[in-house]
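Notes to accompany the following structure.
Because the structure is a prediction, the values reported are computed rather than measured. Note on naming: letters A, B, ... go to the chains in the order of the sequence lines (proteins, then strands), and numbering restarts at 1 for each one. Computed from heavy atoms alone, side chains included, the values below leave out hydrogens, waters and symmetry copies.
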Amino acid sequence: MAHEGTIAYIEDIARHEGERVVIRGWLHARRSSGRIHFLTIRDGSGFIQAVMSKAAVDEPSFLRADHLTQETALIVSGTVRADGRAPGGFELDVAALEVVGESADYPITPKEHGVDYLMDRRHLWIRSERQSAVLRVRAEVVSAVRAFFDDRGFVLADAPIFTPAACEGTTTLFPVRYFDDATAYLTQSGQLYNEANAMALGRVYCFGPTFRAEKSKTRRHLSEFWMVEPEVAYATLDDIVELAEDLVVSVVARVLERRQPELRRLERDTSKLELVRKPFPRITYDEAVAILNGKGQRFEWGGDFGAPDETLLASAFERPVAVTHYPSAVKAFYMEPAPGRPEVALCVDVLAPEGYGEIIGGSQRIADYDLLVRRIQEHGLPPEAFQWYLDLRRYGSVPHGGFGMGIERVVAWICGLDHLREAIPYPRTLNRLYP
RNA sequence: UCCUCAGUAGCUCAAUGGCAGAGCAUCCGGCUGUUAACCGGAGGGUUGUAGGUUCGAGUCCUACCUGAGGAGCCA
């Protein structure tokens, strides 16, 4: 049974209406009705229903199709036909079918499965309609982030993964043996190196995996996650907030423009995403505390917001909200104090709507040498580890700032996921290191 | 680290302390438009582990193991 036609991908199928095409993929699902088989084929770019009627193919092919199992690799060829009954608008009338690879007892059936079961089979789960849609959105988010910075004159200057000590000192680090008798730590942020890079290159960003050994067990945490971190020389807090705003708007717009089929498959209410435009509401920490207390959430000035506080705060707005000027005491050691009000920092958190919480955290950095030394001491950090960082304040120090945006949180928000583990191909969590 | 919940067929789940069950998946048969198709039939069990209470434990008690959600911390 020879194949005729041009090799096509399902996402481009509309361009081939009426033509004879060859699709190379896998069997996603099969339904049968005596003299007609319905085969849902996936090829990585999309899903399409292939219709095989008994009259159109030879007898052995028809019988064979009735016994194809889920995820059998196959090549089908036939004619593309527009059909209002098909979810994608098109179907394929099969003329020839060839099995490339068998698949016996595929473990993920079209019925329900538990989280642990699916996570143990993550390498197969990503073949599903929903998971593959999320990963395609993720790729678009990453692409949009890179395009945003590249188009604005930012230089990609990556930070190391192996680091000699804590960047912020507070969170737990993953130690790894570094050659014979040294200990390195997996990075939890590229920021300090980013600051050095900004002094060299002006506007920079780094983008890579970061690691946190926090024993968090929630839907908002991973022990390995991807973060993009811009850093800008001569930037003030206002510049940083505006940059964060522009980035989020740009990423959401790009996904809306290019990933509608995926968002539909995820049943995402895109009207909420359409609202993500400039300007975002900006409030100070003081105002945020007042909002919380006004909503009946008793919150005392001075603490950091918990997840329920963030959700309640964000629910007061339909766009992402930028919260600035947190108490210095709950923030990192390198944040610049506000002029005339040193108990608060020139920092910003951007909270996503719909309960997704903090997606961005950033600040203006301390430019003054003496103040930075004092802060390092106050936080009990080892001064010798920060000598290179202090050099940045010894040699031509300038005001500067930046932020970090967690990619998985952004993907989870845009896709409407209820857990970060679906926003990355192979999530690493407290209890998950396989596959 | 703490709090709460859950482990029964390949999967998702039932089962007043009293015969171990259903749906799906698999296999066989039927059906010309199915969308988690449908209809009929068959096979499929060391109830997470170790003890204990009881005439009798999937069910009650103790310890442990595994997982989930949340807190703290963070993106």
Legend entry - Value rounded to 0.5 Å, distance of CE in A:Met119 from CZ in A:Arg432: 5.0 Å
Legend entry - Ring centre gap for A:Phe299 and A:Phe305 strictly below 6.0 Å: yes
Legend entry - Pair A:Arg268 + A:Glu354, salt bridge at N-O below 4.0 Å: yes
Inset, instruction - Give one of base, sugar-phosphate or nothing for A:Ile407, where a contact means two heavy atoms less than 4.0 Å apart. - result: nothing
Legend entry - Atom-pair distance (CG on A:Asp93; C1' on B:U34), nearest Å: 14 Å
Legend entry - C1' atoms of B:C61 and B:U54, separation to the nearest Å: 12 Å
Legend entry - Electrostatic pair A:Glu422-A:Arg138, nearest N-O below 4.0 angstrom: no
Only pairs under 3.5 Å count here: list side-chain donor-acceptor contacts from residues 73-88 of chain A, not counting sequence neighbours, and write none if there are none.
from, atom 1, to, atom 2, distance (Å)
A:Ser77, OG, A:His3, ND1, 2.8
A:Arg81, NE, A:Asp93, OD2, 2.8
A:Arg81, NH1, A:Asp83, OD2, 2.7
A:Arg81, NH2, A:Glu91, OE1, 3.0
A:Arg81, NH2, A:Asp93, OD1, 2.8
A:Asp83, OD1, A:Arg85, N, 2.7
A:Asp83, OD1, A:Arg85, NE, 3.2
A:Asp83, OD2, A:Arg85, NH2, 3.1

Legend entry - Close approaches to RNA chain B from residues 313-328 of chain A, in residue order (heavy atom, under 4.0 Å): none
Legend entry - Nearest-angstrom distance, P atom, B:G7 to B:G17: 15 Å
Legend entry - Donor + acceptor pair across side chains of A:Ser45, A:Asp43 (<3.5 Å): yes
Inset, instruction - Tell me, please, which residues at least two apart from A:Ile283 pass side chain to side chain contact (heavy atoms under 4.5 Å, CB included). - result: A:Glu287, A:Ala288, A:Ile291, A:Leu313, A:Phe317, A:Val321, A:Val323
Legend entry - Residue pairs, two or more places apart or on separate chains, that pass ring pair (Phe, Tyr, Trp, His ring centres under 6.0 Å) and touch residues 61-102 of chain A: A:His37-A:Phe62
Inset, instruction - Would you indicate what A:Ile360 reaches in the nucleic acid, counting non-hydrogen atoms under 4.0 angstrom: base, sugar-phosphate, or nothing? - result: sugar-phosphate
Inset, instruction - Using the P atom on both, measure B:A9 against B:G44 and round to a whole Å. - result: 15 Å
Inset, instruction - Rounded to the nearest angstrom, tell me the gap between atom CG in A:Asp66 and atom C1' in B:G30. - result: 11 Å
Legend entry - Any residue meeting side-chain hydrogen bond (donor to acceptor under 3.5 Å, both in side chains) with A:Asp150, in chain and number order, not counting sequence neighbours: A:Tyr205
Inset, instruction - Would you sketch RNA chain B in dot-bracket for me? Only Watson-Crick or G-U wobble pairs with both distances under 3.5 Å count, crossing pairs as [ ], other-strand pairs as |, the rest as dots. - result: (((((((..((((....[..)))).(((((.......))))).....(((((..]....))))))))))))....
Inset, instruction - Could you work out the separation of B:C31 and B:G40 based on their P atoms and round it to a whole Å? - result: 16 Å
Inset, instruction - Among B:A75, B:G72, B:U34, find the nucleotide with the atom closest to the side chain of A:Ser216. - result: B:G72
Inset, instruction - Look at the side chain of A:Glu91 and decide which nucleotide, out of B:C31, B:U34, B:C74, has an atom nearest to it. - result: B:U34
Legend entry - Under-4.0 Å salt bridge between A:Glu140 and A:Arg254: yes
Legend entry - Integer angstrom distance from the C1' of B:G51 to that of B:G10: 31 Å
Legend entry - Salt bridge A:Glu245-A:Arg319, side-chain N to carboxylate O under 4.0 Å: no
Inset, instruction - Evaluate the ring planes of A:Tyr434 and A:His123, with Trp represented by its six-membered ring, and classify them as parallel (under 30°), tilted (30 to 60°) or perpendicular (over 60°). - result: perpendicular
Inset, instruction - Work out which heavy atom in A:Ile366 is nearest to a heavy atom in A:Pro337; give both atom names and the distance. - result: CG1-CD, 4.2 Å
Between the protein and nucleotides 9-11 of chain B, list every N/O to N/O distance that falls short of 3.5 Å.
from, atom 1, to, atom 2, distance (Å)
B:C11, O2', A:Glu112, O, 2.7
B:C11, O2', A:His113, ND1, 2.7

Inset, instruction - Scan residues 133-142 of chain A against RNA chain B and write down, sorted by residue number, each residue with any heavy atom closer than 4.0 Å; if none is found, say none. - result: none
Inset, instruction - Report which part of the nucleic acid A:Gln70 touches: base, sugar-phosphate, or nothing (heavy-atom distance under 4.0 Å, all strands). - result: nothing
Inset, instruction - Measure up the A:Phe386 and A:Tyr389 rings against each other and bin them: parallel (under 30°), tilted (30 to 60°), perpendicular (over 60°). - result: perpendicular
Legend entry - Distance, C1' atom - from B:U8 to B:G48, rounded to whole angstrom: 10 Å
Inset, instruction - Would you indicate what A:Ser32 reaches in the nucleic acid, counting non-hydrogen atoms under 4.0 angstrom: base, sugar-phosphate, or nothing? - result: base
Inset, instruction - Assign each of A:Ala86 and A:His67 to its nearest nucleotide of RNA chain B by heavy atoms, then name whichever residue's nucleotide is nearer the 5' end. - result: A:His67
Legend entry - NZ or CZ of A:Arg282 within 45° of A:Phe280 ring axis and under 6.0 Å: no
Legend entry - Verdict with reasoning, A:Trp301 to A:Asp286, per side chain to side chain donor-acceptor pair (under 3.5 Å): CA-CA 7 Å; A:Trp301 197 97; A:Asp286 296 346; 2.6 Å; yes
Inset, instruction - Would you classify A:Arg81 as touching base, sugar-phosphate or nothing, given that sugar-phosphate means primed atoms plus P, OP1 and OP2, and contacts are heavy atoms under 4.0 Å? - result: base
Legend entry - Protein proximity profile, nucleotides 65-70 of chain B - base contact B, sugar-phosphate-only contact S, no contact -, cut-off 4.0 Å on heavy atoms: --SBBB
Inset, instruction - Would you kindly give the CG-to-C1' distance between A:Leu92 and B:G33, to the nearest whole Å? - result: 16 Å
Legend entry - Euclidean distance, atom CG of residue A:Leu63 to atom P of B:C31 [Å, nearest integer]: 12 Å
Inset, instruction - Give one of base, sugar-phosphate or nothing for A:Glu224, where a contact means two heavy atoms less than 4.0 Å apart. - result: nothing
Inset, instruction - Write down the distance separating the P atoms in B:C60 and B:C5, rounded off to the nearest Å. - result: 13 Å
Inset, instruction - Can you measure from CD1 (A:Ile407) to CZ (A:Arg409) and round to the nearest 0.5 angstrom? - result: 12.5 Å
Inset, instruction - Using a heavy-atom cut-off of under 4.0 Å over every strand shown, decide if A:Asp304 touches base, sugar-phosphate, or nothing. - result: sugar-phosphate
Legend entry - Sugar-phosphate, base or nothing in reach of A:His221, heavy atoms under 4.0 Å: base
Inset, instruction - With A:Arg152 as the cation and A:Phe148 as the aromatic partner, state whether NZ or CZ is under 6.0 Å from the six-membered ring centre and within 45° of the axis. - result: yes
Legend entry - Rounded distance in Å between the C1' positions of B:A68 and B:U26: 29 Å
Legend entry - Residues forming a side-chain hydrogen bond (donor to acceptor under 3.5 Å, both in side chains) with A:Gln364, sequence neighbours excluded: none
Inset, instruction - Would you state whether a donor and an acceptor, one from the side chain of A:Ser53 and one from the base of B:G33, lie under 3.5 Å apart? - result: no
Inset, instruction - Using the test side-chain hydrogen bond (donor to acceptor under 3.5 Å, both in side chains), find all partners of A:Arg64 that sit at least two apart in sequence or belong to another chain. - result: A:Glu102
Legend entry - Atom-to-atom span, NZ of A:Lys54 to P of B:G33 - whole angstrom: 14 Å
Inset, instruction - Could you check whether A:Phe38 and the base of B:G33 form a stacked pair, meaning centres closer than 5.5 Å and planes differing by less than 30°? - result: no
Legend entry - Residues A:Arg212 and A:Glu224 bridged, charged N to O under 4.0 Å: no
Every protein N/O within reach of nucleotides 39-43 of chain B N/O, cut-off under 3.5 Å:
none

